[in-house]
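Beneath this line is the structure, given in structure tokens, with notes to follow.
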Amino acid sequence: MWLTILLGIIAILGLLLMWFSVFGKKNAIENMTMGGSISLFELIFDLLIELSPTLVKRILLFILGLAIAFFSTMGVIYS
């Protein structure tokens with residue numbers, strides 16, 4: 001039960017990230033910083049976010065939010 005609730009909250013957060021990537025202000029997206037990188041994939045993603053223009057940042061954030069929302073929703077369905 002608690003796992004389903006947690007995955008539902010994470011899915012909603014993924015939808016909010018998608019909303020922010022579309023409707024967020026340019027200044028807020030430019031000043032956004034990512035956390036520390038643990039793996040090589042995270043390091044590459046962080047570098048892409050830091051060194052890319054605003055449009056690419058919006059696209060990357062939308063894809064990240066979509067992946068989070070999709071996988072969390074699948075977790076809610078299968079748990």
Side-chain angles (χ1 to χ4, degrees):
M1 177 66 188
W2 290 108
L3 178 65
T4 306
I5 293 171
L6 178 67
L7 288 172
I9 291 170
I10 293 172
I12 291 171
L13 290 175
L15 292 173
L16 287 175
L17 182 62
M18 289 173 25
W19 182 85
F20 175 71
S21 71
V22 173
F23 297 112
K25 294 181 180 178
K26 181 179 179 180
N27 192 20
I29 291 177
E30 284 294 325
N31 294 333
M32 187 179 62
T33 59
M34 303 299 276
S37 301
I38 297 173
S39 67
L40 182 63
F41 175 75
E42 290 177 9
L43 178 66
I44 292 170
F45 189 78
D46 288 345
L47 288 174
L48 280 173
I49 291 285
E50 290 294 325
L51 302 174
S52 62
T54 306
L55 181 63
V56 176
K57 286 182 185 180
R58 288 182 186 267
I59 293 169
L60 289 173
L61 287 175
F62 187 85
I63 291 172
L64 181 65
L66 182 67
I68 290 170
F70 176 76
F71 288 119
S72 296
T73 304
M74 288 297 111
V76 167
I77 291 172
Y78 290 123
S79 67

Assess whether a salt bridge exists between Glu30 and Lys25, defined as any Lys/Arg side-chain N lying under 4.0 Å from an Asp/Glu carboxylate O. no

Test of understanding: with side chain to side chain donor-acceptor pair (under 3.5 Å), list the residues that count as partners of Thr4, not counting sequence neighbours. Ser79

Gly75 versus Leu7, closest heavy-atom pair with distance: C-CD1, 3.5 Å

Indicate, with yes or no, if Val56 and Phe20 share a hydrophobic cluster defined by side-chain heavy-atom contacts under 4.5 Å among Ile, Leu, Val, Met, Phe, Trp and Tyr. yes

Is Leu51 atom CG crowded by more than 12 heavy atoms from other residues, nucleotides or ligands, each under 6.0 Å away? yes

After noting the C-alpha distance and the side-chain angles of Ile68 and Leu64, does the key distance pass the side chain to side chain contact (heavy atoms under 4.5 Å, CB included) rule? CA-CA 6 Å; Ile68 290 170; Leu64 181 65; 4.1 Å; yes

Verify side chain to side chain contact (heavy atoms under 4.5 Å, CB included) between Phe23 and Arg58, making sure each step is shown before the conclusion. CA-CA 9 Å; Phe23 297 112; Arg58 288 182 186 267; over 6 Å; no

Looking at every heavy atom in both Ala11 and Ala69, which two are closest together, and how far apart are they? O-CB, 3.8 Å

For residues Leu3 and Val76: do they belong to one hydrophobic cluster (side chain heavy atoms under 4.5 Å, members Ile, Leu, Val, Met, Phe, Trp, Tyr)? yes

OG (Ser37) and CG (Leu47) are apart, to the nearest 0.5 Å, by 7.0 Å

Do you reckon Ile29 sits in the same ILVMFWY cluster as Leu48, going by side-chain contacts under 4.5 Å, direct or chained? yes

Rounded distance (nearest 0.5 Å) linking atom CD1 of Ile12 with atom OG1 of Thr73: 9.0 Å

How is the hydrophobic cluster of Phe70 composed, in terms of its other members, when Ile, Leu, Val, Met, Phe, Trp and Tyr link through side-chain heavy atoms under 4.5 Å apart, directly or indirectly? Phe71, Met74, Ile77, Tyr78

Identify whether Val22 and Ile59 are in the same connected component of the hydrophobic contact network (ILVMFWY, side-chain heavy atoms under 4.5 Å). no

To the nearest 0.5 Å, how far apart are CG in Leu17 and CG in Leu13? 9.0 Å

Do the rings of Phe45 and Phe41 sit parallel, tilted or perpendicular, given the 30° and 60° boundaries? parallel

In this structure, NZ of Lys57 is separated from CG of Leu55 (nearest 0.5 Å) by 11.5 Å

Going hydrophobic residue to hydrophobic residue with side-chain gaps under 4.5 angstrom, can you get from Leu61 over to Ile63? no

